[in-house]
Amino acid sequence: MSLSRALKLSTALLCFSGAVAFPSASAPPESAQKGVLIVVSPVSNDTGIKMVPDNAHPFQAPGPNDQRGPCPGLNTLANHGYLPRNGIASFEQIITAVREGFNMEHDLAGALAGFAMLARGNAFLDLVSIGGVSPLIPVLPGAIDGPKPPGGIATHGRFEGDVSMTRQDAAIGDNVHFQDSLYDELLLYVGKFGDNSPVTGNSSIVTTKVMQEFKFARFVEDQIKNPVLQYHAGRNSLSYGEAAFVLNFFANGTDGTLSTPVMGSFFRNQTFPDDWYRRSSPGNITLIGQGVDEIRNAHPVPPGANAPNGTYVLDAPINSCSDVYFNLAVENLPASYSKATGVFKQNVDTLLAAVAKAFGCPVIFPTGLSGV
């Protein structure tokens, strides 16, 4: 079982080496727009351990118009200029950024980026916001996904969902911004189940056991509080995948351990910690899938959703090569993508192929509703 790849960023917004060429304040009218053909970047040979950030990527706090969202990893990459600092990125830029910053393997990065672009980006212009709605990302051509802009990955549903580690469910609170109360709860579980360190102190190392207990507690809390909780196969896996990502990609590559000071730097400050090294080998889908299983299997929570009476109703089995893939990429994306033509269609096909490849599945065209 696996998760999807990382998000895309367009070459027109490229922001490497600290000097960012930002686009104009708003997108041109649809009649003047030209599609941007998505090109899947080649696999990089730069796959070893190294200190991050380098001198070309200093921390810079986001400005009032810069987009930030529910993903601390992407927020950190944007704050250091590995992603465009305005938070508007292309498919290719995201793949490059997550490799450079976290040593994420090419196919995992492509699947997450491709799914984000299809779910909440503009695949015609090859742009997605790592936060919310932006004037730089207009309605899709012909409004084939409804009359509103795509919304960015902070928009609830499709990509962002319930039972986050440090954000509330959209139905009951703030699903975009870091919540101190939830992070403090996570720290309590580190105090109970974490390992000791001669450097950072007792109960300061975040372990799989910490995530097993914390993630189950978060589900129990939200299942009670959120009357419209949705925890279907795709979101269920992504939710546990967040914890697996933190354990495997936030840990210091020098020793593979994740301390509370390091975790706090990413979550609270959205900056790379001092003297931090990315992983020594690319983290792939198998790694995250194994982490998902290990965390979830301690307290199994099957896919499902809350019924109107508050009971948690399990989903019917999905007869597909992967229930996660089918729920995310087939049931969860607009069927109206079938109306895409030209460059738009080529991009949709490229992104669907990237997602399907990660799951080892054939491409199945989306059947979900349009404009939701």
Side-chain angles (χ1 to χ4, degrees), residues 3-4 7 62 66-75 78 87-88 112 115-122 128-134 137 139 145-186 214-243 245-246 267-268 270 301-313 315 324 327-329 331-334 366 368-372:
L3 306 166
S4 320
L7 312 156
D66 294 335
Q67 292 290 337
R68 299 294 184 268
C71 178
L74 292 177
N75 292 344
I88 308 300
L112 289 172
F115 176 61
M117 185 71 66
L118 289 166
R120 289 300 181 191
N122 188 316
V128 65
S129 166
I130 69 171
V133 176
S134 167
I137 306 180
V139 174
D145 192 23
K148 297 181 180 180
I153 68 169
T155 302
H156 182 65
R158 294 189 183 176
F159 191 91
E160 186 278 333
D162 295 333
V163 195
S164 167
M165 293 177 63
T166 58
R167 272 71 173 170
Q168 298 284 359
D169 290 1
I172 58 175
D174 187 343
N175 67 315
V176 179
H177 301 97
F178 173 79
Q179 301 296 300
D180 280 292
S181 60
L182 292 179
Y183 188 73
D184 288 343
E185 184 179 341
L186 171 57
F214 175 65
K215 284 299 296 184
F216 182 63
R218 287 287 300 118
F219 168 76
V220 172
E221 293 167 5
D222 286 357
Q223 195 276 322
I224 294 172
K225 294 178 181 178
N226 183 359
V228 292
L229 180 135
Q230 301 286 310
Y231 215 42
H232 301 300
R235 178 55 200 166
N236 183 300
S237 188
L238 286 177
S239 174
Y240 284 98
E242 294 165 1
F245 178 92
V246 169
F267 274 109
R268 287 192 186 280
Q270 301 182 124
V301 177
N306 271 357
N309 64 2
T311 60
Y312 186 70
V313 179
D315 290 346
V324 177
N327 180 236
L328 284 176
E331 297 179 318
N332 190 51
L333 295 178
L369 298 177
S370 173
V372 296

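All figures in this text were calculated on a predicted structure; none of them were measured in a lab.
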Interatomic distance, CZ@R120 vs CZ@F159, rounded to 0.5 Å, equals 11.0 Å

Heavy-atom closest pair (P366 atom, P334 atom, distance to 0.1 Å) is CB-O, 3.7 Å

- Is there side-chain contact between D169 and V228, with heavy atoms separated by less than 4.5 Å? no

Do L328 and L238 pass the side-chain contact (heavy atoms from CB on, under 4.5 Å) test, and can you show the C-alpha distance, the side-chain angles, and the key distance before you say yes or no? CA-CA 10 Å; L328 284 176; L238 286 177; 3.9 Å; yes

Closest non-hydrogen atoms of G151 and T155, given as atom of the first, atom of the second and distance, are O-OG1, 2.7 Å

So CG of D174 and CD of Q179: to nearest 0.5 Å the spacing works out to 5.0 Å

To the nearest 0.5 Å, atom CG of L333 lies from atom CG of N327 at 10.0 Å

Are side-chain heavy atoms of P150 and R158 found at a separation under 4.5 Å? no

With sequence neighbours left out, the residues meeting ring-ring contact (aromatic ring centres under 6.0 Å, His included) with Y183 are F178, F267

### Message
Using a 3.5 Å distance criterion without hydrogens, assess whether the side chain of Y312 forms a donor-acceptor pair with backbone atoms of P302.
### Response
yes

Those residues at least two apart in sequence (or on a different chain) that pass side-chain hydrogen bond (donor to acceptor under 3.5 Å, both in side chains) with H232 are Q230, D315

**Message:** Looking at S239 and V163, would you say the former's side chain and the latter's main chain have a donor-acceptor pair under 3.5 Å?
**Reply:** yes

Rounding to 0.5 Å, atoms CD (Q270) and SG (C71) come to a distance of 9.0 Å

Can you tell me if R68 uses its side chain to pair, donor with acceptor, with the backbone of G131 under 3.5 Å? no

Residues passing the side-chain hydrogen bond (donor to acceptor under 3.5 Å, both in side chains) test with E185, sequence neighbours excluded, are none

For Q223 and L229 the tightest heavy-atom approach is N-CD1, 3.7 Å

R218 meets the side-chain hydrogen bond (donor to acceptor under 3.5 Å, both in side chains) criterion, sequence neighbours left out, with E221, D222

Query raised in the report: Taking the side chain from N175 and the backbone from A170, do they hold a donor-acceptor pair closer than 3.5 Å?
Result: no

Taken to the nearest 0.5 Å, the spacing of M165 CE from Y240 OH works out to 12.0 Å

Residues at least two apart in sequence or cross-chain that pass side-chain hydrogen bond (donor to acceptor under 3.5 Å, both in side chains) with Q67, listed by chain then number, are none

Heavy atoms of A243 and K215 approach each other most closely as CB-CG, 3.9 Å

d(Q168 CD, N226 CG) to nearest 0.5 Å is 10.0 Å

On a heavy-atom basis, the closest approach of A154 and G132 is CB-N, 4.0 Å

- Apply the test side-chain contact (heavy atoms from CB on, under 4.5 Å) to residues V139 and K148: give CA-CA distance (whole Å), side-chain angles for both, the deciding distance (0.1 Å), then the verdict. CA-CA 6 Å; V139 174; K148 297 181 180 180; 5.6 Å; no

Sequence neighbours excluded, the answer for ring-ring contact (aromatic ring centres under 6.0 Å, His included) partners of F214 is Y189

Tightest non-hydrogen contact, residues P149 and I137, listed as CB-O, 3.6 Å

